[in-house]
Amino acid sequence: MSTALIILAEGFEEIEAISVIDILRRGKVEVVVAGLEDIMVEGAHKILVQADVILEEIRDKEFDVLILPGGEPGTTHLQQDPLVIEMIEAQAQRDAWIAAICAAPRILDQLGLLKKRFATSFPGTKPMMQTCKYLEDLVVVDGMFITSRGAGTAMAFGYMILELLTSSTASNELKEKMVYQAEVPVQAHSQLDL
C-alpha cells in the first residue's frame, strides 16, 4: 500500500488538505496527517482539524509522497520550520514524490528544488517562483514534483497524486464514483424559464 504524509500548520487551507486526504484514503492510500506543533490544528478559516500525530514523532519515517497544503499563515509556518525543510530535502534526495499546492510550491522553488522545472502555484505567489518554468495549468507534474494552483484545483491535485501513487485506472474509477468533472458546466435556471 502506498503511503502519504500531509503536514498541517496553523493557518493551512482546509479545502486543499481535506480534499486530498479524502481522495487518497478513498483510493486506499495510507495517509498520515501530521500536525506541525499540535494534534489539533486550526485552518485559515477557523476550522479545527485533528491530526493523527505530531510531525516530530514521525521525523524519520519514509513516505511515498510528502504533501504540503497552502494557505496563510500555514505556508509561512511550514517554510520557517527546520524539520519541515529537513524532511522536504530528505524526500528529494530519495527521489520520492513531493506535492505542493497554492502558496506551498514557493517553498520548493526557494529551496532550489524546482530549478528549471515546470511548476505552478497560487497566482499571487507567481512573483516568488523565481527558479522554475512557470505554468498556469491546474496541476503540473515534472520529475517527482507535483504542484497545483489553489483551493479550486484541490480535487484535481488529489486525483493526480492518487494516479501517480497507484494507477490512472484507480484514479479514474474514483472520479466516476465521486461524480467528479474537471470542468463542470454551470447553468442558471429561473422559474421564468418554465
Side-chain angles (χ1 to χ4, degrees), residues 4-24 34 36 41-47 49 55 65-93 95-165 171 180-186:
L5 170 65
I6 185 163
I7 306 172
L8 304 185
E10 200 80 8
F12 70 95
E13 171 54 61
E14 294 95 337
I15 289 176
E16 294 164 3
I18 301 302
S19 295
V20 173
I21 293 164
D22 183 279
I23 287 168
L24 294 180
L36 184 58
V41 188
E42 186 175 87
H45 302 96
K46 308 300 180 200
I47 300 171
V49 174
L55 187 63
V65 63
L66 184 151
I67 304 165
L68 305 171
E72 283 296 356
T75 298
T76 298
H77 292 317
L78 293 175
Q79 189 166 16
Q80 293 174 345
D81 190 274
L83 178 55
V84 172
I85 301 305
E86 177 186 313
M87 292 179 78
I88 291 170
E89 290 176 336
Q91 188 83 351
Q93 287 172 1
D95 203 27
W97 292 109
I98 301 175
I101 185 169
C102 190
R106 78 169 192 239
I107 301 171
L108 307 181
D109 192 83
Q110 291 171 9
L111 288 172
L113 298 174
L114 298 180
K115 189 173 184 179
K116 298 184 179 178
R117 291 188 180 277
F118 291 107
T120 194
S121 70
F122 184 72
T125 309
K126 183 178 179 180
M128 301 175 204
M129 302 287 285
Q130 297 290 312
T131 71
C132 70
K133 297 181 210 172
Y134 197 86
L135 298 176
E136 294 185 355
D137 298 0
L138 300 184
V139 181
V140 176
V141 180
D142 191 344
M144 299 303 283
F145 298 94
I146 310 158
T147 55
S148 189
R149 307 214 75 202
T153 66
M155 291 188 77
F157 179 61
Y159 288 122
M160 180 56 73
I161 296 168
L162 180 62
E163 178 176 331
L164 295 169
L165 290 179
S171 182
Y180 173 78
Q181 294 180 344
E183 295 180 23
V184 181
V186 178

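Note that the structure is predicted; figures quoted are calculated from it, not measured. Values below: all heavy atoms of this structure, side chains included; hydrogens, waters and symmetry mates excluded. The first residue of the sequence shown is numbered 1, and numbering continues consecutively from there.
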- [ ] Heavy atoms only: give me the nearest L5-A34 pair and the separation to one decimal.
- [x] CD1-CB, 3.7 Å

TODO: Would you sort out whether T75 and Q79 count as a side-chain hydrogen bond (donor to acceptor under 3.5 Å, both in side chains), showing the intermediate values?
DONE: CA-CA 6 Å; T75 298; Q79 189 166 16; over 6 Å; no

- [ ] Report yes if the side chains of M155 and S19 come closer than 4.5 Å at any heavy-atom pair, otherwise no.
- [x] yes

Task: Which atom of A104 lies closest to which atom of P69, heavy atoms considered - done: CB-O, 3.7 Å

Open item on the list: Tell me whether D81 contacts the main-chain N or O of V84 through its side chain, where contact means a donor paired with an acceptor under 3.5 Å.
Closed with: yes

TODO: Decide whether E14 and H45 meet the rule of one side-chain donor and one side-chain acceptor closer than 3.5 Å.
DONE: yes

Open item on the list: What verdict does the side-chain contact (heavy atoms from CB on, under 4.5 Å) test give for I67 and L24, after you've listed the backbone C-alpha separation in whole Å, the side-chain angles of each residue and the deciding distance to 0.1 Å?
Closed with: CA-CA 11 Å; I67 304 165; L24 294 180; 3.6 Å; yes

Open item on the list: Show, in sequence, the C-alpha distance, side-chain angles and deciding distance for M144 and Q91, and conclude whether the side-chain contact (heavy atoms from CB on, under 4.5 Å) test is met.
Closed with: CA-CA 10 Å; M144 299 303 283; Q91 188 83 351; over 6 Å; no

Open item on the list: Working to the nearest 0.5 angstrom, can you tell me the gap between I98 CD1 and E89 CD?
Closed with: 9.0 Å

TODO: Find the distance between CG (L36) and CD (Q80) and round it off to the nearest 0.5 Å.
DONE: 10.5 Å

- [ ] Check whether any side-chain N or O of S148 sits under 3.5 Å from a backbone N or O of L138 as a donor-acceptor pair, and report yes or no.
- [x] yes

- [ ] Could you check V20 against I101 for side-chain contact (heavy atoms from CB on, under 4.5 Å), going step by step and ending with a plain yes or no?
- [x] CA-CA 10 Å; V20 173; I101 185 169; 5.8 Å; no

- [ ] Please tell me if the side chains of I21 and I18 come closer than 4.5 Å, counting only heavy atoms from C-beta onward.
- [x] yes

TODO: Check whether any side-chain N or O of T131 sits under 3.5 Å from a backbone N or O of G112 as a donor-acceptor pair, and report yes or no.
DONE: no

TODO: May I ask you to decide if Q110's main-chain N or O and Q130's side chain share a donor-acceptor pair within less than 3.5 Å?
DONE: no

TODO: Rounded to the nearest 0.5 Å, what's the gap from CZ on F12 to CD on E72? Could you check?
DONE: 13.5 Å

Task: Where V41 and E10 come nearest, the two heavy atoms and their spacing - done: CG1-N, 3.7 Å

TODO: Measure the CE-CG distance between M160 and L165 for me, rounded to the nearest 0.5 Å.
DONE: 11.5 Å

Open item on the list: Using every non-hydrogen atom in the two residues, find where H77 and A9 come nearest and quote the distance to one decimal.
Closed with: CB-CB, 3.7 Å

Open item on the list: Contact between I161 and W97 at the side-chain level, heavy atoms closer than 4.5 Å - yes or no?
Closed with: no

TODO: Scan residues 111-124 for pairs that pass side-chain hydrogen bond (donor to acceptor under 3.5 Å, both in side chains), counting only residues two or more places apart or in two chains.
DONE: R117-D142, T120-R149, S121-Y134

Task: Distance in Å, T147 OG1 paired with D109 CG, rounded so as to fall on 0.5 Å steps - done: 10.0 Å

Open item on the list: So for atom CD1, which belongs to I107, do other residues, nucleotides or ligands contribute more than 12 heavy atoms lying within a distance under 6.0 Å?
Closed with: yes

Open item on the list: Show the nearest heavy-atom pair for residues A92 and L113, with the distance to one decimal.
Closed with: CB-CD2, 3.9 Å

Open item on the list: For a quick test of reading the model, state the closest non-hydrogen atom pair linking F157 to A99 and the distance between them.
Closed with: CZ-CB, 3.5 Å

- [ ] Measure the spacing between CD of E16 and OG1 of T153 and express it to the nearest 0.5 Å.
- [x] 7.0 Å

Task: P105 side chain near T125 side chain, heavy-atom distance below 4.5 Å - done: no

